[in-house]
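Note that the structure is predicted; figures quoted are calculated from it, not measured. Numbering of ligands and ligand atoms starts at 1, following listing order.
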Amino acid sequence: MTYRLEIVPEEFWPGVVATAWAERLRTRLRVCLPTGATPRPVYREVAALADFSATTVFVLDEFGLPAGDPARCDQMLGTDLLSRLSAPPELVDSLDPEKEDLVAECRRYSATVADGGLDLTLLGLGRNGHLGLNEPGSRVDSPTRVVELADETRRSLVRYGAREATDWGMTLGLREIMASEEIWLLVRGAHKTSVLRRTLGDPVGPHLPATYLREHPNVVIWADEAAAAEV
Ligand code: PGA
């Protein structure tokens with residue numbers, strides 16, 4: 001077993017994760033960050049604790065939506081984290097779904113991430129086991145690419161306040177994610193109980209991409225007690 005499972009009571013979960021992360025941010029880091037509901041309370045807390053001015057931030061994924069849509073990942077990261085920081089990160093980069101040549105954009109992003117690598121990648125856990133937008137069916141060596149969204153993921157856009165629907169997105173590949181020096185999987189809430197149990201207990205494979213994390217040498221799973229109820 002190469003992962004470390006940290007189970008934290010709900011009320012302390014954001015603070016515990018934020019404090020551990022702020023400690024890591026004392027050194028110059030290249031981080032990859034998720035968006036969505038899970039990290040939101042961590043971002044609120046870490047903004048008051050940490051100095052990001054020596055940090056390079058890569059946004060994990062992006063939806064095929066126009067710039068400015070509230071459900072865009074760059075927009076959510078801006079609202080949930082970047083707008084709260086007293087000093088901006090050294091650099092923020094993300095996949096741009098409005099580029100004419102999306103294949104070239106994926107190639108650019110992958111090369112930028114690889115040039116220096118990732119020290120720490122934070123991930124949310126999709127109810128269907130996706131990591132970023134690496135939906136079920138994704139192989140462990142899948143590259144940064146344009147993807148079709150799973151039905152469940154399309155539905156989550158409503159929760160994120162999307163002004164329109166979309167059936168596609170772009171994501172950092174599992175290949176790039178698995179190359180990260182360290183990975184933190186953030187799992188919060190009773191609606192994640194069964195997918196967390198399956199992440200730790202199912203056979204490793206593309207049916208549940210999160211299972212691949214068990215093959216990474218340096219993973220911390222930060223779960224609240226509700227999410228960890230069955231592990
Ligand atoms: P959530 O999304 O944090 O909004 O639950 C997680 C994910 O789909 O990766």
Notebook entry, point to check: How far is atom 3 (O) of ligand 1 from its nearest protein heavy atom, and which residue and atom is that?
Noted result: T38 OG1, 2.5 Å
Check: Shared ILVMFWY cluster between Y160 and L133, side chains joined below 4.5 angstrom?
Finding: yes
Margin query: Rounded at 0.5 Å granularity, tell me how far CZ in R145 sits from CD in E176.
Written below: 9.0 Å
Item checked: Ring geometry between F52 and W21 (parallel below 30°, tilted from 30 to 60°, perpendicular above 60°) -> perpendicular
Next item on the list: Any atoms of ligand 1 less than 4.0 Å from a non-hydrogen atom of G124? List them with their elements.
Entry: 9 (O)
Check: Does K192 come within less than 4.0 Å of ligand 1, judged by its heavy atoms?
Finding: yes
Next item on the list: Output the list of atoms in ligand 1 that are nearer than 4.0 Å to some heavy atom of Y160, sorted by atom number.
Entry: 1 (P), 2 (O), 4 (O)
Next item on the list: Just need the protein heavy atom nearest to atom 8 (O) of ligand 1, so name the residue and atom and give the distance.
Entry: H130 NE2, 2.6 Å
Item checked: Polar side chain donor-acceptor pair, R175 to N134, under 3.5 angstrom -> no
Item checked: Heavy-atom side-chain contact between L213 and L123 under 4.5 Å -> yes
Margin query: I need the contact type for R159 against ligand 1. Using non-hydrogen atoms and a strict under-4.0 Å cut-off, is it side chain, backbone, both or neither?
Written below: side chain
Notebook entry, point to check: Using a heavy-atom cut-off of under 4.0 Å, does the side chain or the backbone of L125 touch ligand 1, or both, or neither?
Noted result: backbone
Notebook entry, point to check: Do S94 and E62 meet the criterion of a side-chain donor-acceptor pair at a distance under 3.5 Å?
Noted result: no
Item checked: Polar proximity ligand 1 side, G36 side, N/O cut 3.5 Å exclusive -> no
